[in-house]
Every structure is written in structure tokens, then in C-alpha cells.
Amino acid sequence: MKQKNILLIMLVVVILITVFYAMQPAGTSEEYKKQILSARKDRDDYMRNNTESPFADSVEAFKGLSYFEPEEKFRISANLIPVENKKTVTLPTSDGLETRYLEYAYAEFKIDGEACRLLILEIMDMGPTRGTLFLAFADATSANETYGAGRYLDINKVPGSTAVTLDFNKAYNPYCAYNDSFSCPFPPKENILNVAIRAGEKVYH
């Protein structure tokens with residue numbers, strides 16, 4: 001068989017394979033959505049059944065948490081910019097107190113073409129969470145579609161990493177959104193975004 005014919009056959013095979021996979025359902029997206037929905041169900045179960053839940057004294061009033069539909073565009077790989085000369089940051093809390101943190105790094109990314117920058121902090125208080133990361137933010141949905149005092153996002157510390165995944169589909173309300181007896185730090189002023197992040201948990205009704 002001539003080399004020209006072999007190349008033509010290979011090209012046709014590549015095209016057929018590409019078309020085949022392009023026509024397949026977005027399995028990864030569906031699997032991701034299932035993971036998010038499963039995690040939300042677990043959070044509802046915790047709120048309803050755990051003695052440490054902010055609803056522990058009023059389980060009968062708990063109606064379930066409210067969320068935006070999961071969207072993978074809000075699962076963002078951000079550039080991680082370490083803070084060279086780290087300073088202590090003091091955040092006011094919902095009960096009029098203060099909590100101290102240490103600057104850790106900035107996460108830089110874009111949402112809908114708009115550049116965003118969030119300050120990630122490190123917990124300084126003695127205890128099991130000392131040294132872990134803390135990220136609180138507010139956005140254009142705050143005090144309307146989402147909790148007015150901002151939401152939280154869990155971040156894993158990976159020493160030496162230059163990137164971090166910010167999955168806003170996992171953004172959640174602090175406990176003071178449901179129960180005034182809890183003390184919750186407010187986001188630092190750097191973390192008040194102009195863009196609307198319609199992902200994660202909504203305001204609790």
C-alpha cells in the first residue's frame with residue numbers, strides 16, 4: 001500500500017475517533033455534579049443530626065440548605081502568589097470580637113473576564129486548626145442572593161505549590177448565618193469582590 005494511502009487512512013481514523021468522543025455525553029461534568037450534590041447532602045445530614053450543628057437546638061426548624069446549581073466554570077485554578085513579608089491580620093467577628101491570622105498567599109484568577117485577587121490567611125490560634133488555611137470572601141451577590149457577611153472556602157495547604165484550586169461550588173456560609181450564638185470572622189477588605197459568584201451556598205431562608 002502506498003504511503004499516501006496509509007496517511008489518508010490514518011487521517012480518517014483520527015477524524016472518526018475525534019467525532020466519536022465529541023458526541024459522547026460529558027461524563028466528567030456529570031460525575032463532578034454528582035460529587036457536589038453528594039457533599040451537599042452530607043452537609044444537610046450533618047446540620048440535621050450532629051450535636052455540634054448550629055441547628056442542634058432547633059432541628060425541627062431546619063428546612064435544608066439552599067444552593068446554586070453546580071457549574072464547573074466556578075471550579076478555578078488560580079495562581080498562588082506567596083506573601084513575602086507576612087504580617088498579622090486582625091478580622092472583626094460577628095459577635096464584636098476579633099480574630100488574628102497570618103498572611104499566607106494571594107490567589108489570582110479571572111471570572112467572566114474580570115481579574116480577581118483573594119487573600120488566603122493562616123490560622124494562628126493554638127489548637128487543632130493552627131497552621132491551616134482560611135479564606136473568607138464576599139462578592140456582588142452578598143446581602144442579596146448570598147449571606148451578607150460573606151462566605152468561606154476551604155483551602156488545602158500544599159507547600160511549594162504555585163497554583164491553588166478554588167471551587168466556589170463548595171463555598172459555604174459561616175455558622176453565624178444560622179445561629180447568632182456563633183462567632184464568625186468577616187472577610188478582609190481585600191476579599192470583597194465586585195464580580196458575582198453565583199456558586200455554592202445561598203442565603204439561608
Side-chain angles (χ1 to χ4, degrees), residues 26-76 91-101 104 107 118 120-139 141-158 164-188 191 193 196-205:
T28 301
S29 294
E30 284 302 311
E31 183 60 31
Y32 170 73
K33 183 175 181 179
K34 288 179 183 177
Q35 291 174 4
I36 294 296
L37 295 179
S38 177
R40 291 176 178 180
K41 180 182 180 300
D42 289 344
R43 184 165 168 82
D44 263 22
D45 290 343
Y46 175 91
M47 292 295 191
R48 187 176 290 108
N49 301 315
N50 197 286
T51 56
E52 300 297 320
S53 164
F55 297 97
D57 296 330
S58 57
V59 174
E60 66 283 351
F62 179 65
K63 304 300 182 183
L65 304 179
S66 180
Y67 296 93
F68 292 99
E69 283 295 312
E71 285 193 57
E72 282 197 86
K73 81 168 190 175
F74 290 110
R75 185 175 185 269
I76 296 168
L91 299 182
T93 62
S94 57
D95 57 353
L97 302 178
E98 294 180 336
T99 305
R100 294 194 313 150
Y101 297 87
Y104 179 75
L118 292 175
I120 301 173
L121 301 172
E122 184 174 335
I123 295 176
M124 297 176 63
D125 291 344
M126 297 300 295
T129 61
R130 181 179 173 85
T132 60
L133 302 181
F134 175 75
L135 174 57
F137 72 96
D139 64 282
T141 70
S142 300
N144 183 11
E145 297 170 274
T146 62
Y147 182 53
R151 292 178 288 167
Y152 296 169
L153 196 60
D154 291 335
I155 304 293
N156 293 323
K157 182 188 287 188
V158 182
V164 62
T165 297
L166 303 177
D167 193 342
F168 290 104
N169 292 293
K170 298 179 179 179
Y172 60 93
N173 292 336
Y175 277 5
C176 55
Y178 324 112
N179 189 325
D180 291 339
S181 66
F182 286 86
S183 178
C184 306
F186 296 135
N191 289 4
L193 304 177
I197 300 181
R198 291 187 171 89
E201 190 175 351
K202 295 182 178 181
V203 66
Y204 179 71
H205 297 289

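Computation of the quantities below employed the complete heavy-atom set of this structure, encompassing side-chain atoms and omitting hydrogens, waters and symmetry-equivalent molecules.
In this structure, the side chain of T146 engages the main chain of S142 through a donor-acceptor pair within 3.5 Å. Between the S94 side chain and the F182 main chain, a donor and an acceptor come within less than 3.5 Å of each other. Remark: the backbone N or O of V203 is not paired with any side-chain donor or acceptor of N173 at under 3.5 angstrom. Of the possible donor and acceptor atoms, none in the side chain of S183 sits under 3.5 Å from a partner among the backbone N and O of D95.
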- prompt: Can E71 and F168 be said to form a side chain to side chain contact (heavy atoms under 4.5 Å, CB included), step by step?
  reply: CA-CA 9 Å; E71 285 193 57; F168 290 104; over 6 Å; no
Verdict with reasoning, D154 to Y172, per side chain to side chain contact (heavy atoms under 4.5 Å, CB included): CA-CA 9 Å; D154 291 335; Y172 60 93; 2.7 Å; yes
- request: Take Y152 and F134, measure what side chain to side chain contact (heavy atoms under 4.5 Å, CB included) needs, and give me the verdict at the end.
  value: CA-CA 8 Å; Y152 296 169; F134 175 75; 3.8 Å; yes
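What you find for P54 and Y178 is that their closest heavy atoms are CG-CD1, 3.6 Å. When all heavy atoms of F74 and A196 are compared, the closest pair comes out as CE2-O, 4.4 Å. The two residues P174 and R151 make their nearest non-hydrogen contact at CD-CA, 4.4 Å. Taking every heavy atom of both residues into account, T99 and P185 meet most closely at OG1-CG, 4.3 Å. Among all heavy-atom pairs drawn from V59 and A56, the shortest one is CG2-O, 3.7 Å. Residues G64 and Y204 approach most closely at O-CE1, 3.6 Å, considering heavy atoms.
Between K157 and E122, at least one side-chain N (NZ, or NE/NH1/NH2) sits under 4.0 Å from a carboxylate O, which counts as a salt bridge. D45 and K41 are joined by a salt bridge, as a carboxylate oxygen and a charged side-chain nitrogen come within less than 4.0 angstrom of each other. Between R40 and E201 there is no salt bridge, since none of the side-chain N atoms of the basic residue sits less than 4.0 Å from a carboxylate O of the acidic one.
Note that the CZ atom of R43 and the CG atom of N50 stand 11.5 Å from one another [nearest 0.5 Å]. Expressed to the nearest 0.5 Å, how far SG of C184 lies from OH of Y175 amounts to 10.0 Å. Rounding to the nearest 0.5 Å gives a distance of 11.5 Å between CD of Q35 and CD of E30. Rounding to the nearest 0.5 Å gives a distance of 11.0 Å between CG of L133 and CG of L153. Residue K33 holds its NZ atom at 11.0 Å from CD of E72, rounded to the nearest 0.5 Å. The OG1 atom of T93 sits 8.0 Å away from the CD atom of E98 when rounded to the nearest 0.5 Å.
Ring geometry for F55 against F62 counts as tilted: the plane angle lies between 30° and 60°, on a 0 to 90° scale.
If you check the side chains of D139 and T141, you find a donor sitting under 3.5 Å from an acceptor.
Heavy atoms from other residues, nucleotides or ligands lying under 6.0 Å from CG of D57 number 12 at most.
Residues N169 and Y32 form a side-chain contact, since some pair of their non-hydrogen atoms from C-beta on lies under 4.5 Å apart. The side-chain heavy atoms of L166 and L135, taken from C-beta on, include a pair separated by under 4.5 Å. Side-chain atoms of Y104 and I155, non-hydrogen and from C-beta on, never get closer than 4.5 Å to each other.
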